[in-house]
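Here is the structure we will look at, set down as structure tokens.
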Amino acid sequence: MARYDLTPTFLKKLFDLEGKVSDNALERVGEFLEVSFAKRKATIRHPGSVETESRFLIEGMIGMYYKGNLSRLYFPGDVFMDFESYQTQVPSKYHFKSLGESVYTSLPYSNEVLLLKEIPEFTDFSKSQIAKVRHADVEWHAFTQMNYRDKLRVIEEKFPNFKYDLTNKEKASLLGVSYTTAARIKKESNSRKPVDKSGQLKKMLHYPFPAYVHNDAADIEEQTISWAFHFHSILRDNDEIAYYKNQKLSYLSSCLYPEIDLERGVWISKLYLWLFYLDDLTDELHVGQKAGFWDYLLSGVENILECKSLGFNPDRITVFLNAFSDLASEFDSLVSGHKYLKALIFSEVLNYMQKNKIEAEFKDKRKLPTWEEYQVIRPAFSGGNLALVLSAFESGEGFSNDCSDWQETANLRGLAAKLIYLSNDLISYQKEADRGDSMNAVALMMHYKRIDFSEAQQEVLNLHAGTLEEFMVLERKWREEYKPENSGILKYLKQIKYKIAGTVHWSLSISPRYKKN
């Protein structure tokens with residue numbers, strides 16, 4: 001490793017002080033600064049101790065850990081320290097470890113006081129370093145909200161050997177993915193997601209965060225089709241398989257859960273196929289039979305979840321219930337009997353089905369809900385609530401540790417569910433109107449306010465924009481200051497944004513489901 005002498009020339013270049021501090025002042029800095037070397041995996045400071053120095057990284061890479069998990073990286077040119085502990089002199093919750101052979105300068109707290117007293121020229125530099133720490137926090141917040149593929153690109157630009165210097169556990173906690181996903185990560189291509197050519201509505205439904213598609217979307221689709229055709233006869237022939245593939249129905253789950261483990265991603269895709277099929281079949285049933293169909297399904301699903309006998313059901317209903325029983329059993333094995341998680345997920349599945357039954361009852365009676373009734377039932381039967389609750393399942397084994405963080409995001413999830421159903425209603429309006437379906441926010445606005453389509457669409461767009469602003473206010477609240485202990489909430493925040501953006505991306509850019517024939 002190179003030797004570093006704290007000469008004025010070196011310090012000017014290191015700290016970008018050319019023309020800002022005199023050579024005489026720089027000559028004296030060596031009395032206060034120290035140069036330290038750390039071997040790979042060496043601990044620089046343990047948790048529970050007070051932060052007594054600020055450090056400037058010259059060479060290598062440093063990791064910040066919270067409760068044993070890698071939470072943040074520092075690269076050459078970064079200041080690494082627990083700023084709160086440094087200022088308040090309370091014990092730090094974090095520890096720092098060298099992730100490659102590293103070199104850094106350190107300035108003890110007592111030396112900083114003397115330096116600023118004896119060399120006033122460094123006052124502006126000290127302030128600029130504090131500002132740099134604050135700015136780095138903002139940048140790292142943005143990093144936490146990236147898809148893991150973009151995180152890898154950012155890191156590899158700064159430290160090309162990143163993936164070879166970290167364990168899979170460290171990669172998993174840093175990238176916000178599971179251990180198994182981290183272990184499967186290979187060298188990523190530099191290709192970006194496809195350009196969106198969805199037109200005017202996409203411009204009106206713009207989000208300040210991107211959508212992604214799971215890397216294994218094609219594999220997830222094939223496994224889902226095989227399960228639905230060979231194991232349960234949900235899909236009955238090649239025409240139905242072709243329809244499923246053409247509609248890109250499996251790709252919805254791959255847009256909503258772009259970082260999920262493959263096994264869990266396949267399970268959600270199977271569940272979504274099951275729900276899609278029931279939804280499409282409901283549309284085909286004659287008026288007067290729709291609610292009865294959901295009665296059969298609800299009764300059977302409740303019996304399965306309570307381990308009761310199914311009793312008699314029509315043959316086709318039995319096919320659906322057998323498939324659901326399979327999903328419930330597979331869920332148990334995936335979560336290792338986690339009773340709270342199962343109750344959480346399947347209570348929302350039941351809620352989805354119950355609200356679909358209510359929607360079916362309105363259609364059987366050829367009635368419309370009031371605007372107030374619609375806003376109560378729509379987040380559930382739109383699938384928005386279910387998509388968001390499945391974030392708990394998406395978290396895998398980590399949910400046991402961060403379920404309180406998930407509960408903290410209740411308000412964010414409520415606003416997200418509203419954004420999902422409003423965007424869906426804006427996108428699906430024409431298709432539903434063509435078949436005489438008025439169970440849609442735009443159609444209800446037209447009906448109750450006696451306004452035309454353009455006015456109603458704008459009303460719903462305004463409601464969507466207001467809801468998005470509320471969401472972003474809450475989102476910014478959690479991103480005011482970076483703290484590793486908030487990593488669980490930031491993880492769920494990112495997953496929630498995937499659901500919002502992913503719904504629109506799938507509807508407008510991937511599936512032809514809502515395009516006019």
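We're numbering straight along the sequence, starting at 1.
Ring orientation note: the planes of Phe324 and Trp274 are tilted relative to one another, at an angle of 30° to 60°. Ring pair Trp506/Phe276 is tilted by interplanar angle, where 30° to 60° counts as tilted. Below 30°, between 30° and 60°, or above 60°: for Phe331 and Phe346 the angle between ring planes is above 60°, a perpendicular geometry.
Side-chain polar atoms of Asn322 and His232 form no donor-acceptor pair below 3.5 angstrom. Side chain to side chain, Trp406 and Ser391 fail the donor-acceptor criterion of an N or O pair below 3.5 Å. For the residue pair Glu459 and Asn462, no side-chain donor N or O sits within less than 3.5 Å of a side-chain acceptor on the partner. A donor-acceptor pair shorter than 3.5 Å cannot be found between the side chains of Lys483 and Asn486. In summary, the side chains of Glu221 and Tyr244 do not present any donor paired with an acceptor at a separation below 3.5 Å, with no hydrogens or angles considered. Neither side chain, Tyr421 nor Asn385, offers a donor N or O lying under 3.5 Å from an acceptor on the other. Lys151 and Asn147 share no donor-acceptor pair across their side chains, judged by distance under 3.5 Å alone. Defined by atom type and a distance below 3.5 Å, a donor-acceptor pair is present between the side-chain atoms of Ser395 and Tyr492. Side-chain N/O atoms of Ser269 and Ser250 include a donor and acceptor closer than 3.5 Å. There is no side-chain donor-acceptor pair under 3.5 Å between Asn440 and Arg378. Residues Tyr482 and Glu139 bring no donor and acceptor atom of their side chains to less than 3.5 Å of each other.
The main-chain N or O of Ser507 is never found under 3.5 Å from a side-chain atom of Ser511 such that the two would form a donor-acceptor pair. Glu222 places no side-chain N or O within donor-acceptor distance of the main-chain N or O of Asp219, the cut-off being under 3.5 Å. A donor-acceptor contact shorter than 3.5 Å is absent between the side chain of Ser325 and the backbone of Leu321. Under a 3.5 Å cut-off, the side chain of Ser299 and the backbone N or O of Tyr296 do not form any donor-acceptor pair. Judged purely by atom type and a 3.5 angstrom limit, Ser173 uses its side chain to pair as donor or acceptor with the backbone of Leu70. A donor-acceptor pair under 3.5 Å is formed between the side chain of Glu455 and the backbone N or O of Asp452. For the pair Asp364 (side chain) and Gly288 (backbone), a donor-acceptor distance under 3.5 Å is present. For His338 (side chain) and Ser400 (main-chain N/O), no donor-acceptor pair under 3.5 Å exists by modelled atom type. Checking side-chain atoms of Asp425 against main-chain N and O of Val442 turns up no donor-acceptor pair under 3.5 Å. The backbone N or O of Ile377 sits nowhere less than 3.5 Å from a side-chain atom of Lys355 that would complete a donor-acceptor pair.
Summarising the local packing, CZ of Phe231 is surrounded by 12 or fewer heavy atoms from other residues, nucleotides or ligands at distances under 6.0 Å. Residue-environment remark: CZ (Arg366) stays at or below the threshold of 12 foreign heavy atoms within 6.0 Å. Heavy-atom contacts from other residues, nucleotides or ligands closer than 6.0 Å to NZ of Lys132 number more than 12. Applying the 6.0 Å contact sphere to CD of Glu302 captures more than 12 heavy atoms from other residues, nucleotides or ligands.
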Exercise for the section: Kindly indicate, with the supporting measurements, whether the criterion ring-ring contact (aromatic ring centres under 6.0 Å, His included) is fulfilled by Phe453 and Tyr429. Expected result: CA-CA 10 Å; Phe453 166 73; Tyr429 167 76; 5.0 Å; yes

Exercise for the section: Show your reasoning for whether ring-ring contact (aromatic ring centres under 6.0 Å, His included) applies to Phe209 and Tyr498. Expected result: CA-CA 8 Å; Phe209 38 84; Tyr498 282 156; 9.2 Å; no

Practice task
Could you give me the CA-CA distance, side-chain angles and deciding distance for Lys418 and Leu422, then say whether side chain to side chain contact (heavy atoms under 4.5 Å, CB included) is met?
Solution key: CA-CA 6 Å; Lys418 188 173 181 180; Leu422 288 171; 3.9 Å; yes

Problem - Residue pair Lys491, Asp405: steps toward the salt bridge (charged side-chain N to carboxylate O under 4.0 Å, His left out) verdict - result: CA-CA 9 Å; Lys491 175 189 73 174; Asp405 293 325; over 6 Å; no

Handout entry: Worked check of side chain to side chain contact (heavy atoms under 4.5 Å, CB included) between Asn424 and Val504
Key = CA-CA 7 Å; Asn424 181 262; Val504 170; over 6 Å; no

Exercise for the section: Go through the steps for Tyr212 and Glu259 under the test side chain to side chain donor-acceptor pair (under 3.5 Å), then give the verdict. Expected result: CA-CA 9 Å; Tyr212 295 88; Glu259 294 181 323; over 6 Å; no

Exercise for the section: Mind running salt bridge (charged side-chain N to carboxylate O under 4.0 Å, His left out) on Arg513 and Asp279 for me, showing each step along the way? Expected result: CA-CA 13 Å; Arg513 190 171 178 83; Asp279 182 57; 3.7 Å; yes

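Checked for salt-bridge contact, Lys290 and Glu359 miss the test: no charged N lies under 4.0 Å from a carboxylate O. Using a cutoff of 4.0 Å between basic side-chain nitrogens and carboxylate oxygens, Asp150 and Arg153 are scored as salt-bridged. Between Lys494 and Glu475 there is no salt bridge, since no side-chain N of the basic residue sits under 4.0 Å from a carboxylate O of the acidic one. Taking the charged nitrogens against the carboxylate oxygens, Glu485 and Lys67 have no contact shorter than 4.0 Å, which rules out a salt bridge. Ion pair Asp137/Arg72 flagged as a salt bridge, since at least one NZ, NE, NH1 or NH2 atom sits closer than 4.0 Å to an Asp/Glu carboxylate oxygen.
Taking the six-membered ring for Trp and the full ring otherwise, His464 and Phe471 have centroids separated by 6.0 Å or more.
For the atom pair NZ (Lys363) and OG1 (Thr282), the distance works out to 8.0 Å, reported to the nearest 0.5 Å. The structure places CH2 of Trp294 at 10.5 Å from CG of Leu285, a figure rounded to the nearest 0.5 Å. Phe229 contributes atom CZ, which lies 8.0 Å from atom CG of Leu235 (distance to the nearest 0.5 angstrom). With rounding to the nearest 0.5 angstrom, the CG atom of Leu493 is 6.0 Å from the CG atom of Leu412. For the atom pair CD of Gln145 and CH2 of Trp478, the computed distance is 12.5 Å after rounding to the nearest 0.5 Å. Rounding to the nearest 0.5 Å gives a distance of 11.0 Å between CG of Asn215 and CG of Leu262.
Each of Arg264, Lys342, Lys270 was scored for a salt bridge (charged side-chain N to carboxylate O under 4.0 Å, His left out) with Glu330, with one residue passing: Lys270.
Across all their heavy atoms, Pro379 and Ala417 have their closest contact at CB-CB, 4.2 Å.
Looking only at side-chain heavy atoms (C-beta outward), Leu278 and Phe293 come within less than 4.5 Å of each other.
In this structure, the side-chain hydrogen bond (donor to acceptor under 3.5 Å, both in side chains) partners of Thr181, at least two apart in sequence or on a different chain, are Ser178, Asp261. Contacts of Tyr257 classified as ring-ring contact (aromatic ring centres under 6.0 Å, His included), with partners at least two apart in sequence or in another chain: none. For the ring-ring contact (aromatic ring centres under 6.0 Å, His included) test, residues two or more places apart in sequence or in another chain that qualify with Phe143 are Trp140.
Remark: Lys248 qualifies as a cation-pi partner of Tyr251 under the 6.0 Å distance and 45° angle criteria applied to the six-membered ring.
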